[in-house]
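The structure appears right after this line, and notes come after that.
A, B, ... follow the sequence lines: proteins, then strands. Residue 1 opens every chain.
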Amino acid sequence: MAIDASALGPREEFTAMVLDVVDAIPPGRVMTYGDIAEYLQRGGPRGVGGVMAREGAAVTWWRVVRANGTLPPHLMVDAQQHWITENTPTRRGIVAVTQARWWPTDPAPTTP
DNA sequence: GGATTGACCGGAA
DNA sequence: GTTCCGGCCAATC
């Protein structure tokens, strides 16, 4: 939240919306690039990835993973520690997207 | 104005 | 289970 997308241009608005959704992902849960694009009904997987590559550092980027639950090598190291800290469902070091997948309209996340 | 790059996805072999 | 291919979109050169 806290991003006034309405005051920005179309492309910056898309960027702001992406960051907004990522920031809304609760701990222990993840969303895929494709899911974010589908939820926003804008851009696409590559569009979300392009935004995250530049502005992702401003949000909880480790809660956004690929459709297969992996991330680029240099991010996997830091991401794995965040996943462990937040009790994110993982399988052999990668996120179990089937279990950890979250959606903005979903009520409550993990309850261990 | 066009071409290239990058934290992508789904289906087919 | 892995590997390859076409399509997709925003930011940058």
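Residue L19(A) contributes atom CG, which lies 14 Å from atom P of dA10(C) at whole-angstrom precision. Regarding M31(A), its CE atom lies at a distance of 12 Å from the P atom of dC9(B), rounded to whole Å. Distance, E38(A) CD to dG10(B) C1': 12 Å, rounded to whole Å. Here dA10(C) presents its C1' atom at 12 Å from CD of E12(A), a figure rounded to the nearest Å. In this structure, Q41(A) atom CD and dA10(C) atom C1' are separated by 17 Å, rounded to whole Å.
With a 4.5 Å cut-off on side-chain heavy atoms, I94(A) and M76(A) count as touching. Between V18(A) and L40(A) there is a side-chain heavy-atom pair separated by less than 4.5 Å. Looking at heavy atoms from C-beta onward, T32(A) lies in side-chain contact with V97(A) at the 4.5 angstrom threshold.
In this structure, R92(A) and G44(A) both approach DNA chain C, and ranking their closest nucleotides by distance from the 5' end singles out R92(A).
Between W103(A) and Y39(A), the ring-plane angle classifies as perpendicular under the 30° and 60° cut-offs.
We find that R42(A) and E13(A) are not joined by a salt bridge, their nearest charged nitrogen and carboxylate oxygen being 4.0 Å or further apart.
Taking the P atom of each, dG6(C) and dA7(B) are spaced 22 Å apart, rounded to whole Å.
Partners of R66(A) under the salt bridge (Lys or Arg N to Asp or Glu O under 4.0 Å) rule, at least two apart in sequence or in another chain, do not exist in this structure.
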Can you give me the N/O atom pairs linking the protein to nucleotides 4-7 of chain B at distances under 3.5 Å, or say none if there are none?
{"unit_1": "dG6(B)", "atom_1": "N9", "unit_2": "R46(A)", "atom_2": "NH2", "d": "3.3"}
{"unit_1": "dG6(B)", "atom_1": "N7", "unit_2": "R46(A)", "atom_2": "NH2", "d": "2.8"}
{"unit_1": "dG6(B)", "atom_1": "O6", "unit_2": "R46(A)", "atom_2": "NH2", "d": "3.1"}
{"unit_1": "dG6(B)", "atom_1": "N1", "unit_2": "R46(A)", "atom_2": "NH2", "d": "3.0"}
{"unit_1": "dG6(B)", "atom_1": "N2", "unit_2": "R46(A)", "atom_2": "O", "d": "3.1"}
{"unit_1": "dG6(B)", "atom_1": "N3", "unit_2": "R46(A)", "atom_2": "NH2", "d": "3.3"}
{"unit_1": "dA7(B)", "atom_1": "N6", "unit_2": "M52(A)", "atom_2": "O", "d": "3.3"}
{"unit_1": "dA7(B)", "atom_1": "N3", "unit_2": "Y33(A)", "atom_2": "OH", "d": "2.6"}

